[in-house]
Amino acid sequence: MTLEQDAPMVARSRARELTVVDVVQETSDSVTISFDVPDEIVDDFKYAPGQFVTLKIPSDRSDQVARCYSLSSSPYVDDFRLEIGVKRTRDGYASNWLCDNATVGMRMTVLAPSGQFTAKNLDVDMAFFAGGSGITPVLSLVKSALIAGAGEVVLFYANRDLESVMYGSQLEQIAVEFPERFSMVSWLESERGIPTAQAVAEILRDHRGAEIFMCGPAPFMDLVERATVECGVDHSNVHREVFQSLSGDPFDTATLRRLSDDDGVATATVYLNGDCISVEWPRNTPLLDVLLSQGHNAPYSCREGACSACVCRLVDGEIDMVQNNILVDEDVQDGERLACQALPLTDAVTVSFDGL
Ligand SMILES: Cc1cc2nc3c(=O)[nH]c(=O)nc-3n(C[C@H](O)[C@H](O)[C@H](O)COP(=O)(O)OP(=O)(O)OC[C@H]3O[C@@H](n4cnc5c(N)ncnc54)[C@H](O)[C@@H]3O)c2cc1C
Ligand code: FES
């Protein structure tokens, strides 16, 4: 199929309207919002523990903004209900809008779940490091690993003070249910100061072979990341989720972006959702846009190189990424590429979205 550069994009949008079915005040500055997923779109909204959704938030100023929120629910526990935990960001827009305005019955436009902060195998030992609202994807993974997996699970959970702890009672309940397999270190800055490298390293040393997951403020993640290096943890076992606001509009799939002036065409062989497809790839157009414009259900969220929802693995050929604000050098060396930023450097390229 040939891609016409100026033709309107007939993308299979991954956005759907969901209804808010519950809003719970989690702490004084955070809420849990639950969405019902109707039967007819259950398949589109299947998710892996640790993934996130992207919400369209109305705005008088810019019509709308898009923000990502990790799912705190687990597909193994919470059936067809999606739960997100939103914490107010000081002077922020969307988080405060959600905390102030989300009500039962409200309809919201939500992009289907995506993200790479997931576990390949729930049966292995896992060590989690969460700071503040970074607990949301971690809670989903912890619940899933305990319910559906067989390994040991340890959680280091740092918060400013007791009042700011999200999901405290749910975690206590989990500790009671899984005394043999779950342990938690709750770190309150009000009592112990900011988390120390020593406290983090102690856990890492006791769980050397475990898969490591971290999510929280940047300084917290940097501390944990440094500790993993010092403790000799294999990089491929370390997973980070970075919370940041999107600046672009991932809901606009009507515009086919041109990221370079090269008008040539390459060929892409793409493994996606169990299929192997071949597409003509205009050299100035990101691979994601090419796939969406031809009706393929490729994963994405930000479409600006910031979230890694669109990660694929380079199997053959070469790709240039116009922007990359999320993959670290080791990821790129491992062959990971952002499809939303990918332009071909060779005439033929093979990538896989499956089995990353
Ligand atoms: C993968 C991922 C998962 C995440 N998961 C979570 C989570 O589980 N829980 C959580 O709390 N957060 C999560 N986040 C962070 C979340 O997406 C937001 O970054 C966070 O809520 C802060 O957004 P904010 O709009 O409140 O703040 P900011 O982005 O800081 O708000 C300020 C921005 O909004 C603009 N703005 C101000 N007023 C308006 C207006 N009236 N109209 C339009 N724009 C305006 C400003 O120009 C400025 O750019 C996640 C982020 C990512 C990438
Ligand atoms: S869709 Fe977010 S990095 Fe590509």
Side-chain angles (χ1 to χ4, degrees), residues 14 26-27 29-33 47 50-73 82-102 110-118 130-141 164 166-167 215-218 221 239-253 257 259 286-289 291-292 298-312 319 321-327 331-332 336-342 351 353:
R14 302 180 75 235
E26 203 60 52
T27 62
D29 63 355
S30 66
V31 291
T32 295
I33 303 171
Y47 66 100
Q51 287 193 310
F52 63 90
V53 288
T54 307
L55 268 57
K56 190 192 276 191
I57 318 284
S59 154
D60 291 340
R61 198 173 91 184
S62 59
D63 196 25
Q64 62 186 50
V65 297
R67 293 287 185 269
C68 306
Y69 291 97
S70 299
L71 294 161
S72 53
S73 49
L82 302 182
E83 270 181 23
I84 57 169
V86 181
K87 185 163 183 164
R88 287 183 191 271
T89 295
R90 188 187 303 215
D91 301 325
Y93 175 65
S95 58
N96 288 298
W97 189 93
L98 284 166
C99 287
D100 293 334
N101 294 287
V110 182
L111 265 187
S114 55
Q116 300 297 324
F117 190 66
T118 55
S133 57
I135 190 66
T136 47
V138 165
L139 179 64
S140 175
L141 282 156
S164 58
M166 293 172 76
Y167 305 116
C215 185
M221 300 248 274
H239 312 267
R240 289 170 66 114
E241 186 70 305
V242 178
F243 281 6
Q244 59 190 340
S245 292
L246 304 184
S247 55
D249 180 6
F251 293 96
D252 173 17
T253 48
R257 299 168 297 158
L259 298 187
L287 178 60
L288 177 73
D289 290 37
L291 293 171
L292 292 177
Y300 68 86
S301 173
C302 70
R303 298 176 76 218
E304 60 190 35
C307 76
S308 83
C310 63
V311 158
C312 57
I319 280 176
M321 280 189 286
V322 179
Q323 267 202 88
N324 168 26
N325 302 319
I326 188 81
L327 298 181
D331 298 330
V332 176
E336 293 186 11
R337 299 290 186 273
L338 301 173
C340 73
Q341 300 298 316
V351 299
F353 288 86

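In listed order, ligands and their atoms are each counted from 1. All values below come from the heavy atoms of this structure, side chains included, with hydrogens, waters and symmetry mates left out.
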Hey, what polar pairs (N/O, under 3.5 Å) does ligand 1 make with protein?
unit_1, atom_1, unit_2, atom_2, d
ligand 1, 5 (N), S70, N, 3.1
ligand 1, 5 (N), S70, OG, 3.2
ligand 1, 8 (O), S70, N, 3.2
ligand 1, 8 (O), G85, O, 3.4
ligand 1, 8 (O), T136, OG1, 2.6
ligand 1, 9 (N), G85, O, 2.8
ligand 1, 11 (O), K87, N, 2.9
ligand 1, 14 (N), C68, O, 3.2
ligand 1, 17 (O), C68, N, 3.3
ligand 1, 17 (O), C68, O, 2.6
ligand 1, 19 (O), S245, N, 3.3
ligand 1, 19 (O), S245, OG, 2.7
ligand 1, 21 (O), Y69, OH, 2.7
ligand 1, 23 (O), R67, NE, 3.3
ligand 1, 23 (O), S245, OG, 3.2
ligand 1, 25 (O), R67, NE, 2.8
ligand 1, 25 (O), R67, NH2, 3.2
ligand 1, 25 (O), Y93, N, 3.3
ligand 1, 25 (O), A94, N, 2.8
ligand 1, 26 (O), Y93, N, 3.2
ligand 1, 26 (O), A94, N, 3.3
ligand 1, 26 (O), S95, N, 2.9
ligand 1, 26 (O), S95, OG, 2.5
ligand 1, 29 (O), R67, NH2, 3.2
ligand 1, 29 (O), S245, OG, 2.5
ligand 1, 31 (O), Y93, N, 3.1
ligand 1, 34 (O), R67, NH2, 3.3
ligand 1, 42 (N), S59, OG, 2.6
ligand 1, 47 (O), R61, NH2, 2.8

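- Judged by the 6.0 Å and 45° rule, R240 forms no cation-pi pair with F117.
- Taking a cutoff of 4.0 Å between a charged side-chain nitrogen and a carboxylate oxygen, D289 and R303 qualify as a salt bridge.
- K56 contributes atom NZ, which lies 8.0 Å from atom CG of D63 (distance to the nearest 0.5 angstrom).
- Here OG of S70 is found 13.0 Å from CD of E83. Values are rounded to the nearest 0.5 Å.
- For the atom pair CD of E26 and OG1 of T32, the computed distance is 3.5 Å after rounding to the nearest 0.5 Å.
- Tally of protein N, O or S atoms closer to atom 2 (Fe) of ligand 2 than 2.8 Å: 2.
- The existence of a salt bridge linking R88 and D100 is confirmed by a sub-4.0 Å separation between a basic side-chain nitrogen and an acidic carboxylate oxygen.
- The ring-ring contact (aromatic ring centres under 6.0 Å, His included) check on F243 picks up nothing, with sequence neighbours excluded.
- Counting only N and O atoms by type, the side chains of Q64 and D249 include a donor and acceptor under 3.5 Å apart.
- With sequence neighbours excluded, the residues satisfying side chain to side chain donor-acceptor pair (under 3.5 Å) with T27 are D29, S30.
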